[in-house]
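One structure is given here, and the rest of the page talks about it.
The structure displayed is predicted, hence computed values, not measured ones. Throughout, a chain's letter reflects where its sequence line sits, starting with A, and its residues are numbered from 1. All values below were derived from every heavy atom in this structure, side-chain atoms included, with hydrogens, water molecules and symmetry-related copies excluded.
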There are 2 protein chains.
Amino acid sequence: MPRKPSAVDAPLRLDNQICFAVYSAAHAFNRVYKPLLDRLGLTYPQYLVMLVLWERDDVPVKDIGERLFLDSGTLTPLLKRLEAAHLVRRTRSSEDERQVLIALTAQGHALKEKARAVPQSILAASDCSVSELVAMKDEIVALRDRLNAVIGE
Amino acid sequence: MPRKPSAVDAPLRLDNQICFAVYSAAHAFNRVYKPLLDRLGLTYPQYLVMLVLWERDDVPVKDIGERLFLDSGTLTPLLKRLEAAHLVRRTRSSEDERQVLIALTAQGHALKEKARAVPQSILAASDCSVSELVAMKDEIVALRDRLNAVIGE
DNA sequence: TCACATTTAATTGTTCGCAATTGAATGTCG
DNA sequence: CGACATTCAATTGCGAACAATTAAATGTGA
């Protein structure tokens with residue numbers, strides 16, 4: 001009969017790590033998105049920033065960062081690349097000169113229409129019902145929020 | 001009464017993206033792991049490599065890559081850093097000189113004992129029962145595998 | 001008003017992650 | 001055996017991600 005793997009080692013086994021499940025799923029998503037986003041000329045993090053801006057633009061960098069859990073060290077160069085691609089404009093706020101406001105250009109707004117094809121393709125690749133995906137998403141968000149609550153306490 | 005948000009925009013809303021749930025959960029995990037792994041002198045991806053090697057070492061780079069879904073472009077420099085930290089040894093296989101075998105040093109083996117404290121802390125931070133976490137992990141792995149199946153077809 | 005703390009982006013340096021390419025070793029087929 | 005393809009690791013270049021620091025603008029309290 002097959003030898004049972006040591007029980008004391010179970011907590012350190014790779015396949016028992018939920019963090020690795022999440023980590024590897026994130027990379028899998030990235031690889032599925034890649035060819036879709038190439039057509040839009042966006043990377044995946046850039047796509048996330050555009051999602052935020054398509055909901056509401058003319059917002060400070062900080063707001064985008066809070067929404068995506070990213071800091072200026074990540075966002076500043078990313079936003080400069082979006083500016084170089086003529087998708088956004090970066091302007092100092094006149095009320096508070098510490099803030100840099102990010103606004104969509106006409107091109108940036110227009111890209112939203114091309115982007116509508118993306119979620120459909122992702123749904124198809126997930127090979128899963130919408131309701132199942134929504135349930136999973138809610139569970140993962142709840143876990144994420146519990147993890148974030150522990151940070152900095 | 002509050003205006004209902006446009007239904008056509010729902011698929012592009014950030015909070016409806018399961019990919020963003022996964023992406024942001026992965027970053028949240030990373031932030032929770034950071035202080036724990038700092039004590040071991042490891043980054044999170046380095047920790048994953050060590051988990052693989054603690055199960056079985058003296059394996060080629062390729063095997064580690066298949067296990068973690070990473071390629072040599074990521075692993076080669078990472079393994080060189082682990083070697084510089086005296087946790088692994090990198091040796092060309094004599095049977096097949098294309099392969100580089102990764103073996104743990106005594107220090108690398110010893111670090112496993114210190115690492116046993118990590119999963120407990122993560123479980124506590126998750127604020128969730130083991131059975132719930134296992135169920136979520138299995139769902140996420142199944143989704144990941146479906147996504148990976150779509151890639152390259 | 002003035003010293004001081006806080007906020008906001010930007011910058012620097014290190015480590016991933018991946019595409020694309022290279023070069024050496026090995027396999028395969030005529 | 002010999003041309004050819006394949007495999008494997010390493011390399012290069014670019015774009016995140018984050019810690020730590022900096023600098024400027026703003027807020028606060030004596």
Side-chain angles (χ1 to χ4, degrees), chain A residues 19-20 23-35 37-38 41-50 59-66 68-85 88 90-102 148 151-152, chain B residues 19-20 23-35 37-38 41-50 59-66 68-85 88 90-102 148 151-152:
Chain A
C19 62
F20 175 64
Y23 167 92
S24 55
H27 291 310
F29 266 119
N30 206 3
R31 285 188 278 267
V32 173
Y33 269 101
K34 181 89 174 46
L37 295 181
D38 278 350
L42 294 174
T43 65
Y44 179 69
Q46 290 170 6
Y47 173 69
L48 292 180
V49 168
M50 294 302 285
V59 294
V61 174
K62 184 168 196 293
D63 286 20
I64 301 173
E66 284 176 356
L68 299 178
F69 307 99
L70 296 173
D71 69 0
S72 67
T74 302
L75 287 174
T76 296
L78 187 156
L79 289 167
K80 284 183 178 177
R81 283 187 280 271
L82 289 181
E83 188 181 41
V88 307
R90 301 162 60 248
T91 53
R92 286 271 161 196
S93 164
S94 48
E95 298 102 58
D96 185 342
E97 299 228 335
R98 290 169 303 184
Q99 296 185 341
V100 169
L101 298 178
I102 308 298
N148 277 332
I151 298 167
Chain B
C19 62
F20 175 63
Y23 167 92
S24 55
H27 290 310
F29 266 119
N30 206 1
R31 284 187 278 265
V32 172
Y33 269 102
K34 182 87 173 47
L37 295 182
D38 278 350
L42 295 173
T43 65
Y44 179 68
Q46 289 169 4
Y47 174 69
L48 292 180
V49 169
M50 294 302 286
V59 292
V61 174
K62 186 169 194 293
D63 286 19
I64 301 173
E66 283 175 356
L68 299 178
F69 308 99
L70 296 173
D71 67 1
S72 67
T74 301
L75 287 175
T76 296
L78 187 156
L79 290 167
K80 284 184 177 175
R81 283 187 281 271
L82 288 181
E83 187 181 41
V88 307
R90 301 164 58 250
T91 53
R92 287 271 161 197
S93 163
S94 49
E95 297 102 59
D96 185 343
E97 298 229 335
R98 289 169 302 183
Q99 295 185 342
V100 169
L101 298 178
I102 308 299
N148 277 333
I151 298 167

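- For A/D71, the side-chain atoms get nearest to D/dA19 when compared with the rest of D/dA19, C/dA10, C/dG17.
- You'll find that the side chain of A/R98 is closest to C/dT6, out of D/dC8, C/dC18, C/dT6.
- C/dG17 atom P lies 9 Å from atom CG of B/L68, rounded to whole Å.
- Look at CZ on B/R90: it is 17 Å from P on D/dC8, rounded to the nearest Å.
- Counting atom types as modelled, A/T74 pairs no side-chain N or O with a base atom of D/dA16 as donor and acceptor under 3.5 Å.
- Protein atom CG of A/L37 is 15 Å distant from nucleotide atom P of D/dG15, rounded to whole Å.
- Listed candidates were D/dA9, C/dC16, C/dA9. Nearest to the side chain of B/P60 is D/dA9.
- In terms of phosphate contacts, A/Q46 brings a side-chain nitrogen or oxygen within less than 4.0 Å of OP1 or OP2 of D/dA16.
- For the pair B/R92 and B/E97, the salt-bridge criterion is not met [side-chain N within less than 4.0 Å of a carboxylate O].
- Side-chain N/O atoms of B/K80 include one lying less than 4.0 angstrom from OP1 or OP2 on D/dT11.
- Heavy atoms of A/L75 sit nowhere under 4.0 angstrom from any nucleic acid atom.
- Here the side chains of B/V49 and B/L78 are in contact, with some heavy-atom distance below 4.5 Å.
- Taking atom CG on A/L82 and atom C1' on D/dC14, their separation rounds to 15 Å, with Å as the unit.
- In terms of position along DNA chain C, the nucleotide closest to A/P77 lies nearer the 5' end than the nucleotide closest to the other residue of the pair A/Y23 and A/P77.
- Side-chain contact between B/T91 and B/V100 is absent, with no heavy-atom pair separated by less than 4.5 Å.
- As rounded to whole Å, 13 Å separates atom P of C/dT15 from atom CG of B/L42.
- When the side-chain nitrogen and oxygen atoms of A/H27 are compared with OP1 and OP2 of C/dC16, none of them lie within a distance under 4.0 Å.
- The nearest whole Å value for the distance from the CG atom in B/D63 to the P atom in D/dT7 is 15 Å.
- Below 30°, between 30° and 60°, or above 60°: for A/H27 and A/Y23 the angle between ring planes is above 60°, a perpendicular geometry.
- Of the candidate nucleotides D/dA25, C/dA10, D/dA10, D/dA10 has the atom lying nearest to any side-chain atom of B/R92.
- When the nearest nucleotides of DNA chain D are assigned to A/E97 and A/Y44 by heavy-atom distance, the more 5′-ward of the two goes with A/Y44.
- Considering A/L82, A/I64, A/I102 in turn, A/I64 is the only one that fulfils the side chain to side chain contact (heavy atoms under 4.5 Å, CB included) rule with A/L75.
- To the nearest angstrom, P of C/dA10 lies 14 Å from NZ of A/K62.
- Both A/T76 and A/K34 sit near DNA chain C, but only A/T76 has its closest nucleotide nearer the 5' end.
- Using a 4.0 Å heavy-atom distance criterion, A/L70 is classed as a sugar-phosphate-only contact.
- Residue contacts for B/T43: at a heavy-atom cut-off of 4.0 Å it reaches the sugar-phosphate backbone alone, with no base atom in range.
- In this structure, A/N148 and B/R31 have side chains that are in contact, with non-hydrogen atoms separated by less than 4.5 Å.
- For the pair B/R81 and C/dT14, the criterion of a side-chain N or O lying under 4.0 Å from OP1 or OP2 is not met.
- One interatomic measurement links the two molecules: CG of A/L79 to P of D/dA17, which rounds to 13 Å at whole-angstrom precision.
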